[in-house]
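All ligand and atom numbering here is 1-based and tracks the order in the structure. All values reported here derive from a predicted model rather than from experimental measurement.
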Amino acid sequence: MAKRKYHGQCPLCGREATLTRDHVPPDGIFLPPKPNNLITVRTCRSCNEGSKLDDEYFRICAAVSWSPSEAQWRLWNEKVMGSLQRSPKLNAMLVHMMDAVQEEHKRKPLRFSDGTELTAEQAALTLPLLKSRIDATIEKIVRCLYYAESGSVLSQDLSFDISMEHAGETRYQTCLANPRLVVGTHREFVYYFDRLSPAPESSWLLWFYERQLFRATLTPSQPGLHIAAQSATRAS
Ligand SMILES: [Zn+2]
């Protein structure tokens with residue numbers, strides 16, 4: 001039987017296109033057996049296929065932390081190691097970045113967010129990941145979740161302010177104890193949002209393996225700034 005084709009607005013780029021099923025978060029971050037409540041949305045082919053490398057990169061982020069859980073070790077051993085062996089370029093890039101961090105640490109010691117200096121041993125284990133690539137995945141997840149929750153597509157004119165947070169902070173405890181949804185027996189993915197509206201501001205919490213917590217705050221971007229930049233260019 002031929003697959004049914006769906007036509008509609010892509011929740012990621014906003015274009016009208018033929019849509020195919022996509023998982024949020026990327027299904028590669030889950031441990032087997034696959035959870036039975038995976039979230040699926042339909043996105044256009046170019047958004048779906050265009051994010052495969054970012055998805056793989058994001059899986060590395062989900063697998064590491066300063067105190068990895070047993071489930072994170074499993075993700076690392078069962079999925080990340082294999083993908084690094086298959087992608088020598090990605091592997092070489094990570095090794096290069098880890099070396100650079102160690103060099104940097106010798107010049108100016110790295111610190112945790114509470115101000116404590118990392119030991120040389122900790123610096124040697126630090127895996128730096130590019131914020132822009134991680135943020136691309138977080139934005140994609142929020143856009144798809146918003147669509148799954150509300151049935152409407154978030155505007156392209158939005159700013160996503162994305163940061164990594166400490167789940168232990170008091171202000172997050174109630175939110176994380178009352179999540180919107182938990183996916184995976186190892187709590188691979190948990191999310192929470194304060195209100196289903198892009199304006200004036202809304203916040204989303206995405207929590208992976210009960211370790212990596214991301215907060216995304218959505219604000220309408222200001223088109224006036226672009227206009228100002230244009231006229232400044234014209235004036236010069
Ligand atoms: Zn798209």
Side-chain angles (χ1 to χ4, degrees), residues 1-30 34-35 37-62 79 83 86-87 89-90 129-164 180-181 183-184 188-208 212 214-223 225-227 229:
M1 198 172 81
K3 268 189 177 174
R4 269 184 75 183
K5 282 193 174 170
Y6 289 86
H7 197 83
Q9 192 184 10
C10 170
L12 293 172
C13 63
R15 282 193 296 256
E16 292 286 332
T18 301
L19 305 179
T20 53
R21 276 157 59 95
D22 198 359
H23 292 282
V24 272
D27 55 0
I29 72 150
F30 294 95
K34 264 194 188 148
N37 62 341
L38 281 179
I39 307 156
T40 54
V41 292
R42 291 194 168 87
T43 60
C44 78
R45 176 178 282 233
S46 93
C47 287
N48 193 337
E49 288 175 3
S51 60
K52 292 268 181 285
L53 289 175
D54 281 337
D55 291 354
E56 197 174 322
Y57 196 78
F58 187 78
R59 178 164 60 192
I60 300 171
C61 176
K79 294 196 167 183
S83 86
R86 284 189 300 274
S87 335
K89 256 167 108 178
L90 176 61
L129 293 170
L130 292 171
K131 179 169 163 49
S132 57
R133 289 193 69 177
I134 299 296
D135 286 4
T137 302
I138 298 291
E139 177 171 339
K140 176 184 167 177
I141 296 172
V142 171
R143 285 187 179 277
C144 287
L145 290 178
Y146 184 89
Y147 183 71
E149 290 276 355
S150 70
S152 31
V153 173
L154 274 176
S155 156
Q156 296 295 308
D157 286 329
L158 276 179
S159 295
F160 281 72
D161 180 17
I162 297 166
S163 55
M164 283 186 91
R180 177 75 197 177
L181 190 67
V183 188
E188 286 100 316
F189 179 58
V190 168
Y191 77 94
Y192 173 90
F193 58 87
D194 58 0
R195 100 189 81 158
L196 201 56
S197 146
E201 193 172 270
S202 73
S203 277
W204 291 69
L205 292 175
L206 311 182
W207 202 21
F208 299 88
Q212 309 287 34
F214 291 91
R215 188 183 65 190
T217 305
L218 280 56
T219 48
S221 53
Q222 294 165 358
L225 291 176
H226 296 297
I227 293 162

| task | Using a cut-off of 6.0 Å, state whether more than 12 heavy atoms not belonging to K34 lie near its atom NZ. | result | no
| field | Stepwise side chain to side chain contact (heavy atoms under 4.5 Å, CB included) check, L206 with L145 | value | CA-CA 11 Å; L206 311 182; L145 290 178; 4.0 Å; yes
| message | So for atom CZ, which belongs to R133, do other residues, nucleotides or ligands contribute more than 12 heavy atoms lying within a distance under 6.0 Å? | response | yes
| field | Under-2.8 Å protein N/O/S neighbours of the Zn ion (ligand 1), ordered by chain then residue number | value | C10 SG, C13 SG, C44 SG, C47 SG
| field | Parallel, tilted or perpendicular: rings of F58 and F214 (30°, 60°) | value | tilted
| field | salt bridge (Lys or Arg N to Asp or Glu O under 4.0 Å): pairs with one or both residues in residues 138-155, sequence neighbours excluded | value | D22-K140, E139-R143, E149-R180
| query | Considering the options H7, Q9, R42, which one meets the side chain to side chain contact (heavy atoms under 4.5 Å, CB included) requirement together with L19? | reply | R42
